[in-house]
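Just below is one structure, and these are the notes that go with it.
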Amino acid sequence: MFDFTGKAVFVAGGSSGINLGIADAFAAAGASLAIASRSAERVEAASAQLRRHGGKVLGRSADVRDYAAISAALAAAHAEFGEIDVLVSGAAGNFPALALGMSANAFKTVVDIDLLGTFNVLRAGHQYLRKPGAAVINISAPQSWNPMPLQVHACAAKAGVDQVMRVLAMEWGGDGIRVNSIAPGPIEGTEGFKRLSTPELRQKMASRVPLRRFGTLDDCASLALFLASPLASWITGALIPVDGGWSLYGAGLSSTQLALEAGAVPGRSSESR
Ligand code: NAP
Ligand code: COA
């Protein structure tokens, strides 16, 4: 449906899940792709997946918290592909924990990845964006406007991500750059979905999604393609949920609220990557 042949797309955090789904959809639509995340192995595996579409792919290992590292990845994409047409900022970290169950550093870690990381990606990326014409897309979440227990770090971070989006939509509109946010609801099979719910909680949640199903990677990718396309040429500063209407019910139906009510507050995970 969309043709991005000849366009250059950079996806920060593009080595897995929703962000890789978005990168994959742009690659399938003919774009050259640059992706960056921390793990070189994950970046390599994702790059191999993207190359199957036949276009150019550049993978770089970079932590969005490290301004110099993410700047270098953006510069490499610019050197390889020229001006960047679409910049996606989707790197994020999350774990369920009560505020009293997280250290100041735990809170800071998520804020640093999601919020400072998004500022870094956009601040460093601006010089390489096509002017006029570029589209910037932040990956937000319903935590941005729905307060959710066990999510004080992500709620604060994603609310900040959306205000960064709105301010830069105002500051960069004159350059012909549009800046928007996508807020996915529960997307099946993803790391975020696994971390924030249990099989039992998922059953409770599913029947309460107005459109009666969880989301897919394609649901998110379709919105990203639309936002980057000429069909969205007068849309900027918008936060658009792609969630089957799930967030209309507010935080009461979030997996973390259900976990709290069930007395099933997840314990400290030993997993860390
Ligand atoms: P995911 O597969 O874990 O994706 C996160 C990506 O970010 C990974 O590729 C990870 O790769 C990268 N990343 C993490 N920390 C990074 C850092 N410091 N620097 C650079 N890259 C980093 O999770 P997901 O569930 O698909 O989530 C993707 C996005 O969707 C996030 O922004 C999330 O908040 C949002 N979202 C997800 C859901 C959902 O249902 N899953 C719902 C709402 C919003 P490395 O480990 O290699 O760094
Ligand atoms: N509960 C409470 N605190 C936790 C926690 C949990 N489940 N998991 C990690 N933390 C704390 C750590 O203890 C540490 O705090 P401390 O120094 O006071 O002990 C702090 O968070 C940072 O942890 P660390 O493992 O050093 O961070 P990292 O930068 O290596 O990894 C994470 C960042 C913790 C967010 C990690 O889970 C990650 O990399 N996630 C990426 C994938 C992801 O979350 N995907 C879903 C996206 S929605």
Side-chain angles (χ1 to χ4, degrees), residues 11-23 35-47 49 59-67 69-70 73 88-118 120-121 137-144 146 148 150-155 157-158 161-162 181-197 202 205 209 214-217 219-221 223-224 239 241-244 246-247 254-256 265-273:
V11 183
S15 66
S16 65
I18 291 170
N19 305 324
L20 177 56
I22 290 171
I35 59 168
S37 82
R38 294 166 302 174
S39 155
E41 295 77 38
R42 291 156 69 82
V43 166
E44 194 37 58
S47 300
Q49 174 183 325
R60 279 280 188 279
S61 172
D63 190 322
V64 293
R65 293 169 285 191
D66 179 343
Y67 189 84
I70 197 65
V88 179
S89 176
N94 203 338
F95 47 81
L98 292 167
L100 296 180
M102 69 176 77
S103 66
N105 188 48
F107 181 87
K108 179 178 184 295
T109 297
V110 170
V111 171
D112 279 356
I113 301 171
D114 295 24
L115 176 53
L116 177 63
T118 292
N120 287 345
V121 169
I137 300 171
N138 289 345
I139 310 303
S140 183
Q143 282 89 333
S144 148
N146 271 335
M148 294 182 194
L150 313 174
Q151 288 288 277
V152 66
H153 47 6
C155 287
K158 292 294 192 182
V161 164
D162 288 337
S181 284
I182 288 176
I187 307 298
E188 215 156 22
T190 59
E191 185 66 24
F193 191 64
K194 276 184 243 160
R195 287 185 181 216
L196 296 185
S197 61
R202 277 169 222 152
M205 289 165 73
V209 179
F214 291 126
T216 64
L217 298 186
D219 289 323
C220 300
L223 179 55
L239 165 61
V242 51
D243 67 357
W246 179 74
S247 62
S254 67
S255 56
T256 53
V265 176
R268 167 81 166 76
S269 161
S270 56
E271 179 191 355
S272 181
R273 63 176 220 237

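Only this structure's heavy atoms are used, side chains among them; waters, hydrogens and symmetry mates stay out. For ligands, and for the atoms within them, numbers begin at 1 and follow the listed sequence.
Of the N or O atoms in Gly192, one or more lie within a sub-3.5 Å distance of an N or O in ligand 1. Backbone and side-chain nitrogen or oxygen atoms of Arg65 are examined, and one is located within less than 3.5 angstrom of a nitrogen or oxygen of ligand 2. Note: an N/O pair closer than 3.5 Å links Ile187 and ligand 1 by distance alone. Close N/O approach between Gly14 and ligand 1 is not found [any backbone or side-chain N/O within under 3.5 Å]. Residue Thr109 has no nitrogen or oxygen atom sitting less than 3.5 Å from a nitrogen or oxygen atom of ligand 2, judged on distance alone. Close N/O approach between Gly13 and ligand 1 is found [any backbone or side-chain N/O within under 3.5 Å].
Using a 4.0 Å heavy-atom cutoff, Lys108 is absent from the residues neighbouring ligand 2. Residue-ligand proximity: Lys158 is placed with a non-hydrogen atom under 4.0 Å from ligand 1.
Heavy atoms of Asn19 found under 4.0 angstrom from ligand 1 belong exclusively to the side chain. If you look at Ala183 next to ligand 1, there are no close heavy atoms at all, none under 4.0 Å. The backbone of Ser140, and not its side chain, has at least one atom closer than 4.0 Å to an atom of ligand 1 (non-hydrogen atoms only; backbone = N, CA, C, O). Looking at Arg42 against ligand 1, only its side chain comes within 4.0 Å, counting heavy atoms. Of the heavy atoms in Ser103, only side-chain atoms (C-beta onward) come closer than 4.0 Å to ligand 2.
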Item checked: side-chain hydrogen bond (donor to acceptor under 3.5 Å, both in side chains) assessment of Ser140 paired with Ser181 -> CA-CA 6 Å; Ser140 183; Ser181 284; 5.0 Å; no
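Under the side chain to side chain contact (heavy atoms under 4.5 Å, CB included) criterion, Val242 pairs with Ile182, Pro184, Asp219, Cys220, Leu223, sequence neighbours left out.
Taking each of Asn94, Ile18, Thr190, Ile139 in turn, the one with a heavy atom nearest to atom 38 (C) of ligand 1 proves to be Ile18. Across Arg65, Arg195, Arg38, heavy-atom proximity to atom 48 (O) of ligand 1 is greatest for Arg38. Evaluated by nearest non-hydrogen atom to atom 42 (C) of ligand 1, the leading choice among Gly185, Ser144, Pro186 is Gly185.
Here the shortest heavy-atom pairing between Gly93 and Val110 reads O-CG1, 3.4 Å. Taking each heavy atom of Pro96 and Gln151 in turn, the nearest pair found is CA-NE2, 4.1 Å. The shortest non-hydrogen separation linking Phe193 to Pro186 is CE1-CB, 3.3 Å. The two residues Ser37 and Ser15 make their nearest non-hydrogen contact at OG-OG, 2.8 Å. The two residues Ala36 and Ile70 come nearest to each other via the heavy atoms CB-CD1, 4.2 Å.
Every atom of ligand 2 is numbered from 1 in the order shown, and the set under 4.0 Å from a heavy atom of Arg38 is 31 (O), 38 (C), 39 (O), 41 (C). Atoms of ligand 2 lying under 4.0 Å from at least one heavy atom of Gly101, given by number and element, are 2 (C). Of all the atoms in ligand 1, the ones that sit under 4.0 Å from a non-hydrogen atom of Ala141 are 43 (C), 44 (C).
Of the possible polar contacts, one joining the Asn120 side chain to the Val64 backbone as a donor-acceptor pair under 3.5 Å is found.
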